[in-house]
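Notes for the one structure printed next.
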There are 2 protein chains.
Amino acid sequence: DAGRLAVLLPGPPREMQPMFVDHVRPLLLQMIGHGVILSRSLRVIGIGESALEEQLADLIATQSNPTIALYASLGELQIRITAKAEDEAAANLLIAPVETAIRQRIKTAIYGIDNETLPGVLGQLLKERGYQLAVAESCTGGLLGSMITDVSGSSDYFASGFITYSNEAKQKILGVSEAIIKEQGAVSAACAKAMATGARQKSGADVAIAITGIAGPTGGSPEKPVGTVYVAISAPEGDLVEELALRGERSAIRARSAKTAVNLARLLLLGELK
Amino acid sequence: DAGRLAVLLPGPPREMQPMFVDHVRPLLLQMIGHGVILSRSLRVIGIGESALEEQLADLIATQSNPTIALYASLGELQIRITAKAEDEAAANLLIAPVETAIRQRIKTAIYGIDNETLPGVLGQLLKERGYQLAVAESCTGGLLGSMITDVSGSSDYFASGFITYSNEAKQKILGVSEAIIKEQGAVSAACAKAMATGARQKSGADVAIAITGIAGPTGGSPEKPVGTVYVAISAPEGDLVEELALRGERSAIRARSAKTAVNLARLLLLGELK
């Protein structure tokens with residue numbers, strides 16, 4: 001009715017994708033009649049949804065072709081620019097100036113486009129520099145290593161990882177000093193730094209990323225509440241340590257910690273953190 | 001129409017859950033009028049969906065209250081037994097004999113009920129025995145450690161993990177011998193065993209789980225195709241090594257490898273693998 005079509009599809013990608021390809025896509029193409037609809041997604045991290053909306057509000061309000069839409073998922077955002085035109089080349093000509101305008105505003109918060117992933121982009125930077133990477137994880141318990149090695153071909157640059165969950169493991173495996181654990185605690189900037197340094201030494205890697213924090217739901221204190229996480233990176237470009245204050249459930253805090261760590265490594269390698 | 005009600009809900013749990021609790025649940029309760037609908041889910045691993053269906057076919061066909069339904073998700077199955085009765089006690093009385101009948105057939109393939117998770121169940125077994133756990137991961141790259149530490153309270157029994165992705169890391173960090181790497185390869189029963197032994201020694205843990213394999217899409221060979229994975233476990237109960245031949249995409253192979261490894265550790269601790 002009123003020229004509107006609603007298509008309901010099941011959630012599981014294995015069921016949804018063939019249904020879309022075999023039935024919905026042909027139907028949509030038939031409805032369009034001629035011309036193409038082309039989308040480009042800019043992948044964004046390190047900026048909040050409302051902050052991004054504010055920064056792009058005038059662009060979103062004034063555009064009709066291409067349209068600009070924002071999508072949020074766990075700690076990441078997507079800006080989708082969609083153009084309708086006679087052919088692909090014409091659609092790209094419509095998309096290009098809008099993409100440029102957006103890039104001028106939010107710069108390196110854009111880590112990639114379309115199907116690029118944050119760990120994939122970091123992997124590319126490591127490969128270009130001929131670097132080997134090591135990770136040292138406490139509260140993420142292997143999630144950072146898992147994200148990085150989820151990329152096919154990551155064996156080119158991923159050397160090894162250390163999941164040092166207990167204080168004893170941090171000391172014995174990574175050489176974190178007892179003084180740091182006793183005086184500043186396992187969740188501290190000093191411990192994160194020592195974990196990164198230790199991981200780099202023990203593995204012989206060029207770059208090391210370390211994460212230590214409190215993923216909850218227990219373990220928090222007034223001084224260091226649940227969601228307090230320290231990320232340290234040691235690289236030829238320099239060292240950094242950053243304190244994060246994350247909210248959410250255990251799994252969300254772990255996922256955001258790992259993603260933020262990958263993003264900080266990306267920015268450090270790009271020379272954006274000096 | 002015809003007394004049937006369809007409720008369409010959005011996929012994201014954050015949106016779906018409050019909608020269900022605030023609107024759908026009261027509606028359903030009102031429709032039922034009186035009585036309760038009670039479900040119990042039996043969580044199953046290590047048996048295929050069609051094999052399970054075959055084993056339970058007569059039960060599923062002859063039951064109407066309670067009903068028996070099977071659900072499959074990545075490497076796991078759920079058997080949901082649902083009873084309708086005047087009250088909870090009466091519903092439980094209907095469910096109990098069906099649960100007993102199912103348990104007699106598939107025994108330890110049932111690892112838990114309702115919201116229990118496989119890593120949570122393994123954690124409970126480790127805690128009861130006062131064991132500390134270490135992991136050594138190659139193709140899973142941290143996913144096994146991540147699954148285990150996704151359980152709140154896992155710091156009670158998870159000591160440390162080693163992500164030894166490169167051959168060099170396997171030798172240097174876990175002490176796998178050069179002879180094993182050269183003669184049998186990094187993807188071999190011998191290497192998995194040496195990784196487990198090494199992880200147990202280096203960490204001082206009581207139990208170690210090691211995984212090495214080819215997650216793909218590249219790296220396969222005619223002798224060792226993509227999906228060839230070795231899991232080794234070293235524990236006070238004994239040692240084991242198992243060869244898996246998994247199918248699917250990289251992420252599915254990784255997830256199934258980690259889940260199977262956790263399940264094998266569970267069965268070993270339960271004394272079911274002798």
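In what follows, chains carry the letters A, B, and so on, assigned in the order in which the sequence lines appear, proteins first and then strands, with residues in each chain numbered from 1. Model, not experiment: these values are computed from the prediction.
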Exercise. Is it the backbone or the side chain of A/S203 that comes under 4.5 Å from a heavy atom of chain B, or both, or neither?
Worked result: backbone
Exercise. Pick from B/S73, B/G204, B/S160, B/G161: which one has the most heavy-atom pairs with chain A under 4.5 Å?
Worked result: B/G161
For this session: Could you verify whether a donor N or O on one side chain and an acceptor N or O on the other, from A/R200 and A/S234, lie under 3.5 Å apart?
Result: yes
Seminar exercise, completed: Checking B/T140, B/T228, B/V187, B/V231 against B/T212 for side chain to side chain contact (heavy atoms under 4.5 Å, CB included), the one that qualifies is B/V187
Exercise. Does the distance from a Lys or Arg side-chain N to an Asp or Glu carboxylate O, for A/E76 and A/K259, drop under 4.0 Å?
Worked result: yes
Exercise. Relative to chain A, which segment of B/I173 carries a heavy atom at a distance below 4.5 Å: side chain, backbone, both, or neither?
Worked result: side chain
For this session: Give, as side chain, backbone, both or neither, the part of B/S155 having an atom under 4.5 angstrom from any heavy atom of chain A.
Result: both
Exercise. Is it true that atom CG of B/N115 has more than 12 heavy atoms of other residues, nucleotides or ligands lying nearer than 6.0 Å?
Worked result: no
Problem set entry | Flag side-chain contact, heavy atom, 4.5 Å: B/L264 against B/I209 | no
For this session: Tell me, out of A/A215, A/G153, A/S154, who's got the most heavy-atom pairs with chain B below 4.5 Å.
Result: A/S154
For this session: Measure distances from B/E137 to the heavy atoms of chain A and classify the residue's part below 4.5 Å as side chain, backbone, both or neither.
Result: side chain
Exercise. Under a 4.5 Å heavy-atom cutoff, which of A/A169, A/S166, A/G216, A/A159 has the most pairs with chain B?
Worked result: A/A159
For this session: Show the numbers, then the answer: is there a side chain to side chain contact (heavy atoms under 4.5 Å, CB included) between A/N263 and A/L118?
Result: CA-CA 7 Å; A/N263 190 44; A/L118 188 58; 4.1 Å; yes
Problem set entry | Modelled atom types, side-chain donor and acceptor of A/R43 and A/T117, under 3.5 Å | no
For this session: Check whether more than 12 heavy atoms from other residues, nucleotides or ligands sit under 6.0 Å from atom CD of A/E168, and answer yes or no.
Result: no
Seminar exercise, completed: Applying a strict 4.5 Å limit to non-hydrogen atoms, the region of A/S138 in contact with chain B is neither
Problem set entry | Between A/T218, A/L144, A/D150, the one whose heavy-atom pairs under 4.5 Å with chain B are most numerous | A/D150
For this session: Check whether A/S251 gets within reach of chain B through its side chain, its backbone, both or neither, counting any heavy atom under 4.5 Å.
Result: both
Problem set entry | Atom CD of B/E178 with >12 non-hydrogen neighbours under 6.0 angstrom | no
Problem set entry | Proximal component of A/L8, with respect to chain B [non-hydrogen, under 4.5 Å] | side chain
Exercise. Using non-hydrogen atoms only, which part of B/K170 is less than 4.5 Å away from chain A: side chain, backbone, both, or neither?
Worked result: neither
Exercise. Out of A/S152, A/G145, A/A134, A/C139, which one racks up the most heavy-atom pairs below 4.5 Å with chain B?
Worked result: A/S152
